[in-house]
Amino acid sequence: MKSFEVVFPERIDEAVLALKDAGAEGKAIAGGTALLVLMKNKLYSPKHLVSLGKIDDLKRLAYTPGIGLTIGSGVTEHELEAAPFVRDKFPVIAQAAHAIGNIRIRNVATIGGNLAHADYQCDPPAALIAMGAEVKLYGPDGERTVALEDFFLGPYETVLRQGEIITQILVPDPPQGATGRYFRFTSGSAADRPCVSVAICLTFEQGVCSWVRVALGAVAPTPIRVKEIETLLEGKVADNGLIDEAARIASVSCEPLSDTRGTDWYKREMVRVLVQRGLQSLINGAGCLSC
Amino acid sequence: MLDVYLAREVEGLSYQYIGQSQVRSDGIEKVTGRAGYVYNMEIPNMVHAKVVRSLVPHGRVKSIDVSKATKLPGVLLVFTRDDVDAGIYPFFGPVVNDQAVVAIDKVRYVGDIVAAVVAEDPRIAEEAADLVEVEYEELPAVFDAEEAVRPDAPLVHEKLNLPPWGFSDVRATLHPIDGTNIVNHFRVRRGNVEQGFAEADYIFQDTYRLPAVQHCPLEPHATIARYESDGSITVWSNTQTPFLVQAQVAQTLGIPQSRVRITVPFLGGGFGAKTYPKLEPLVAVLALKTGRPVKLSLTREEEFITITRHAATVTIKTGVKRDGTITARQTKILWNTGAYADIGPRLSKNGGYASVGPYRIPNVWVDSYCVYTNMPPAGALRGYGVPQVSLAYETQMDRIARELGFDPVEYRLKLALDEGDSFATGDIIHSAGFRELLRRAAQAIDWKDKSYKQLRGSTVRGKGIACTIKSTITPSTSSAEVKMFEDGSISLLTSTVEMGQGSDTALAQIAAEALSIPVESIRVQHPDTFVTPYDLTTSSSRSIYHMGNAILLAAEDAKRQLRDRAAEIMRVSPESLEVRDGRIVSKTDHRYGIPFGEAVKGVGPSHGSIIGHGLFSTVGGLDPETGQGKASEFWFAACGAAEVEVDTETGKVRVTKYYASSDAGKAINPVACEQQNEGSAINGLGHTLFEQMLFDNGQPINNTFLDYKIPSFLDLPHDLVTEVVETPHRNGPFGAKGMGETAISPVAPAIANAIADAVGVWVTELPVTPERVLQALQEQNLKHDGAGEGNQ
């Protein structure tokens, strides 16, 4: 690792100022689980680190009925997976947070760091996109809010500008009676990063889906929301034929990168299987969930 | 003498300390974090080294510019080939002196050491290492053993530097081929294979490929070296082979072995990665040049490219009669040993003859090639070549059985080697209960129950079994000392390395049994070449048998001295005395006697101590042309049985049940034996299902634990059952043989056979990734569809 300086501001505006001063040589650091790996391997060597670890304003996690979930960017993955109201009202998010690494990682890694890192093989982004999350950003030019599905530009690339940090993730309350699940398939060890992941949330009554959200992870340079499936299923009786068609759409809407966890062909196949099984299990309570 | 112990069991007398599960003597120390490891060790005035590694897979080193690195404050030394003076012999290696402390002319793999920086602080050393500028003239590189044996392949080594010394078993059969990348061509020629194939009704020929995998010890390689004021050198190293390292460091520095002290505390895992010199020659040189104690410890990323398990291509051809009799077997194995031979020449020998398998086969022809490539060096890893070849012979064994309509278990029982049978090398089999293991494995997995295939949905279940044979390093020597103090307490001096396998506890149990005193009153001294007596190596699952026998001899020697001293005190003849429960007593009246301590003191001023010495050595060797002779002092036998579920839509294989068993001869510490079987099973599971080192033009791409996954608890079978079979060995201590790495070899073929049982797909390449399985299933469907159309 190359030498660097680190500062520990206690307020958001101080952090933003420090990042602005550092310019291109600066980088915000939270849990450090992703950034330090890059730095130790000298793939990325910022000269100035601005730690967000001492900013209490970033560590709030709250649920307000009728409004939704407010997640401070400094909330750890473990806090997210463990909070009763997250598990209860937003199980898809709790499941995705739980899927990360191991408990030692989850105790220090933060949700804001995870999103800002923008690695296409991370778990939470697809789950948060399916739940319609927005991110609040704060920087030298003030505050703005961006839909999470528009936040990612490519692998390790986001809309974050110089000196800008994520302050909050806002997740609206899903419609009454919504159900959902985060499905994850690993091609190696169960503790591996996902080969393919699918987050599905929906509401249905007597077989008719009134609201559907489907997001895919690890199968494109960024997590993607598949609106075509949502349009296909909403307002219809989701029979086997329709579910198979939805799965087919998912497999052609992604653009997987061939990597150590699978080729383009295989990942498309797994997206199809996962979406098919996921919809079956949520709608008909059937299908194999233990992927 | 040994008969005395066996006779005890025959007479129905039970053992006091061996054969009973014993709590690990090092357990509390380790779980409370107090146990010392070289990786954590600090020495006063210590400085830190970092190496500069090649970024190209094959190249001539044109120039090295150290000027920037040298100028960095805190840097003491930047060591390159220009600093190798007449006093330093830079080359090392257990068989071929092909590796250098720093590159002399060429670099041969991405990660090869070009220079070393020593600085006051490890971070400064790292920063300085980045400032060393190396210019290479890149050369064509070869990565695959199959390509490296072609006539036009680039040569990794132009000539071989064979030292005048070496292991007798390797030197006798070493057969490098000049002008090629083949560093050893080992052969077995037995009977007449041509005639055997001519007599066969069916010929089966298959090729299997396995990738390089990593040992992944918790503690990476680490070495500290300090020059002492008397001109000797002390080296703290986490090595499995202290005496081989001692000889190497003496050679490197040109000083007598009596001035080289290698001390080895606990190892945080070895698995073969820490056999033979690795960092020690370089660190010794750096200590000499700086006059300071120097520490070098590797990062995880470096650990991955320091030593690996051989990638292998195994082709196996078997002639079979209609009744199942095997008439001939021919195997050809290419072992990718990487840029440096390490112990590859021996591994290709042992893996070579092992490729024939534990079956009665009259005609055998083996060509086993150890091949240089521009990859990280490959060496010993748990199983030592057998996991690679057993995938081939045990998977093919099932294919033969199924195609000829035999039950795979019955078929193996019909052909398995039995007591007194002759193995491919001519060795006569003793104490290797293949049949017993097979019967128990079949029972454990409920082999006869065929209802297991009925599963709902896309998941299909199958069962598989495999049975393997392995040798131990032969000839070899172990020695031990039993040191008794005047209070009757005992220190056991051996150079066996405690690397997690439980040797401290098991060896103490053997000494306790021989001396008739509780295990707790024995302290086991860890290796220190200035203190503990010679032992060849802690590997090859050899310590229980070899060191165990040396301890029995040392105990006899100590007891003889005790009896002599006690006889003098008690004014009786030594022959009338025996050792019992920590006392020297009259054979005729056990109440009449004195405690050990009194006997140690002797008559007159206290004699202070008694030292009993024991040396145990084996003989053996193979004919270099035919591979016939004595390959092994004894034979390890193992069996594995797997139940898997294959998801036919994803190709994912889940091992739902695994049964691992091995024949220990006699289990000294039964719970530790069971844990070794469990460890072998889990280790093998990773190698079978997902572990593989990946490279892009020689550049490692998954040398981190983020991308290279070993099994987690979530990957383990729901049912993991182990068993230890005991077929006593006539020369083993209490009949024991050892068994540490035995159970790893059946894992891959047992799982492969279970997959074939479930879905009819034959595994020919590891790891069995879901993508490979799905592809094979789709190809199978295409074939079936094609066959259907043809019939119309």
Check your understanding: How many angstroms lie between atom OG of A/S189 and atom CG of B/L689, to the nearest 0.5 angstrom?
Key -> 10.0 Å
Exercise for review: Might you confirm whether atom CD of A/E5 has over 12 heavy atoms from other residues, nucleotides or ligands at distances under 6.0 Å?
Suggested key: no
Point to revise | Side chain A/Y266, main chain B/T650, donor-acceptor under 3.5 Å | key: yes
**Study point:** chain A neighbours within residues 690-705 of chain B, where any heavy atom lies under 4.5 Å away
**Key:** B/F690, B/L694, B/I701
Exercise for review: Could you tell me whether the side chain of B/E301 and the main chain of A/N41 form a donor-acceptor pair under 3.5 Å?
Suggested key: no
Point to revise | B/T769 vs A/S187 side-chain heavy atoms within contact, under 4.5 Å | key: no
Review point. Crowded around B/R53 CZ? As in, over 12 foreign heavy atoms under 6.0 Å?
Key: yes
**Study point:** Structural part of A/K267 lying under 4.5 Å from a heavy atom of chain B
**Key:** neither
Review point. Of the non-hydrogen atoms in A/M270 and B/E649, which two are nearest, and what is the gap between them?
Key: CE-O, 3.5 Å
Point to revise | Pick from A/K42, A/Q121, A/E269, A/Q276 with the largest number of heavy-atom pairs that fall under 4.5 Å of chain B | key: A/K42
**Study point:** Nearest non-hydrogen partners of B/E126 and A/K40, listed with the distance
**Key:** OE2-O, 4.5 Å
Practice item. Determine whether B/D647 and A/F185 make a side-chain contact, defined as any pair of heavy atoms from C-beta on separated by less than 4.5 Å. Key: no
Exercise for review: Check whether any side-chain heavy atom of B/E771 lies under 4.5 Å from a side-chain heavy atom of A/R261, and answer yes or no.
Suggested key: no
Check your understanding: Is any side-chain heavy atom of A/D192 less than 4.5 Å from a side-chain heavy atom of B/Y708?
Key -> no
**Study point:** Heavy-atom closest pair, residues A/A191 and B/D715
**Key:** N-OD2, 4.5 Å
Exercise for review: Go through the atoms of B/E127 and report whether side chain, backbone, both or neither lie under 4.5 Å from a heavy atom of chain A.
Suggested key: side chain
Check your understanding: Does A/R87 CZ have over 12 foreign heavy atoms under 6.0 Å away?
Key -> no
Revision key, fill the gap. Ring pair (Phe, Tyr, Trp, His ring centres under 6.0 Å) filter on A/H117, not counting sequence neighbours, yields A/Y156
Review point. Does the side chain of B/K709 come under 3.5 Å of the side chain of A/T186 through a donor N or O and an acceptor N or O?
Key: no
Review point. Which heavy-atom pair separates B/S458 from A/R277 by the least distance, and what is that distance?
Key: OG-NH2, 3.1 Å
Review point. Is A/E228 atom CD crowded by more than 12 heavy atoms from other residues, nucleotides or ligands, each under 6.0 Å away?
Key: no
Exercise for review: Using a strict 4.0 Å threshold on nitrogen-to-oxygen distance, state whether A/K2 and B/D130 make a salt bridge.
Suggested key: no
Review point. So which part of B/E645 gets closer than 4.5 Å to some heavy atom of chain A, the side chain, the backbone, both or neither?
Key: neither
Point to revise | Side chain, backbone, both or neither of B/I710 within contact of chain A (heavy atoms, under 4.5 Å) | key: backbone
